[in-house]
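Structure, as structure tokens:
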Protein chains: 2
Amino acid sequence: MSPGIIDTVITRIKERGGRVTVQRLAIINVLMRLDHPTAEEIYQFMQADFPTLSFTTVYNTLKSLKELGVVHEYHQDERSRFEISEIPHHHFQCLRCDKLTDISPEKISVTPDPELESEFGPVEAKVILQGLCKDCREETGDKH
Amino acid sequence: MSPGIIDTVITRIKERGGRVTVQRLAIINVLMRLDHPTAEEIYQFMQADFPTLSFTTVYNTLKSLKELGVVHEYHQDERSRFEISEIPHHHFQCLRCDKLTDISPEKISVTPDPELESEFGPVEAKVILQGLCKDCREETGDKH
DNA sequence: CTAATTGCAAATTGTTTGCATATTC
DNA sequence: GAATATGCAAACAATTTGCAATTAG
């Protein structure tokens, strides 16, 4: 689908002395297809194609890829969720079903007061918009 | 220190049919004094004054207070951190030591593109500024 | 009085580790 | 061929639950 990402990932793994294994590539592929999956979701999804893949490897691989700078981990709710690290972006989080949706940076303007930079130094702003996603709004009829 | 908060909390607990117990009030007091503590930190801190307080009760109480809308739980890093729910605000998170610092809402202007509201409905924006806190900047000398 | 809360021990869940085997470079 | 990755079983850490005793309203 997006061959550029895979290439970038392979390059980065090699650069840092990591090995390009079937499992790693497969997990990257899943991350490109699933939306902020948990380790469990990744494992389940891969069972069809890789029945021998172990849960441990999913965890280990995600951890390695995280250290290689290839994936990013979120602790938003009780389980960790993962995505491919790319350009920084914001998120929408549904308060009812917890679903995360990416929002591109230019969609939200964030301007910290200059005094914050003097207190905290250079910062990167991550915004989480919280509300109800379309599905949950339809189910609840709640207009907030 | 801030009697208004305690009163508000008591009122809210009673409104929702909860019981105002010693343990609950004590935990509220700790939350007013500690900065985004974990359950463990709360427990440790309270051991001096309430040696019979159990770990379970800290967890159960935090959970109840959360359901009563009195405290808010964060999953930013691997442990949960808690704070008293009050007016919404933003956070600064240190990328090195994970420390959270509150930032008042007027210190950061956030303007989501109008099309986001049409997609997600009414939303509340929470900003996490990430960088290095003063202590960590001094220790690393890293200017980013 | 009685329904909610506490607190112990035990269970669960999410994640990590030790180590033998298999694989990439 | 040597170093890294995989995967099983077992260990771990954070949190939750069952249930009897206690307590607030």
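Naming: A, B, ... by sequence-line order, numbering from 1 per chain. Only this structure's heavy atoms are used, side chains among them; waters, hydrogens and symmetry mates stay out.
Between A/F55 and B/T38, it is A/F55 whose nearest contact on DNA chain D lies nearer the 5' terminus.
Within 4.0 Å of A/T61, counting heavy atoms only, lie sugar-phosphate atoms of the nucleic acid but no base atom. Counting non-hydrogen atoms under 4.0 angstrom, A/T21 reaches the backbone sugars and phosphates but no base. Counting non-hydrogen atoms under 4.0 angstrom, B/R19 reaches a base of the nucleic acid. Using a 4.0 Å heavy-atom distance criterion, B/G18 is classed as a sugar-phosphate-only contact. At a threshold of 4.0 angstrom between heavy atoms, the contacts of B/Q23 are confined to the sugar-phosphate backbone, with no base atom among them.
B/E73 places none of its side-chain heavy atoms less than 4.5 Å from the side chain of B/L62.
For C/dT15, the OP1/OP2 oxygens have a side-chain nitrogen or oxygen of A/S80 closer than 4.0 Å. Checking the phosphate oxygens (OP1, OP2) of C/dA9, no side-chain nitrogen or oxygen of B/T56 falls inside 4.0 Å. Between A/K63 and C/dT17 there is a side-chain polar atom (N or O) within less than 4.0 angstrom of OP1 or OP2.
Between the CG atom of B/L62 and the P atom of C/dT6 there is a distance of 11 Å, given to the nearest Å. Rounded to an integer number of Å, the gap from B/R79 CZ to C/dT15 P is 13 Å. Distance NZ (A/K14) to P (C/dC25): 6 Å, rounded to an integer number of Å. For the pair B/Y59 OH and C/dA10 P, the interatomic distance rounds to 19 Å; values are reported in whole Å. In this structure, B/Q47 atom CD and C/dG7 atom C1' are separated by 12 Å, rounded to whole Å. One atom, CG of A/N60, and another, C1' of C/dA22, lie 15 Å apart when rounded to the nearest Å. Whole-Å rounding puts the A/E78 CD to C/dT15 C1' distance at 15 Å. Taking atom CD of A/E40 as the reference point, atom P of C/dT15 lies 9 Å away to the nearest angstrom.
Of all nucleotides in DNA chain D, those with any atom nearer than 4.0 Å to a heavy atom of chain B start and finish, going 5' to 3', at D/dA14 to D/dG25.
In terms of modelled atom types and a separation under 3.5 Å, the side chain of A/T11 and the main chain of A/D7 share a donor-acceptor contact. With B/R12 contributing its side chain and B/G69 its backbone, the two residues share a donor-acceptor pair below 3.5 Å.
Screening A/E83, A/R81, A/H36 against A/Y74 for a side chain to side chain donor-acceptor pair (under 3.5 Å) leaves a single residue, A/E83.
Ion pairing between a basic and an acidic side chain is recognised when a charged N comes within 4.0 Å of a carboxylate O; B/K99 and B/D35 show such pairing. With respect to A/E119 and B/K134, no salt bridge is recorded, no charged nitrogen being found less than 4.0 Å from a carboxylate O. With respect to B/K107 and A/E115, a salt bridge is recorded, a charged nitrogen being found less than 4.0 Å from a carboxylate O.
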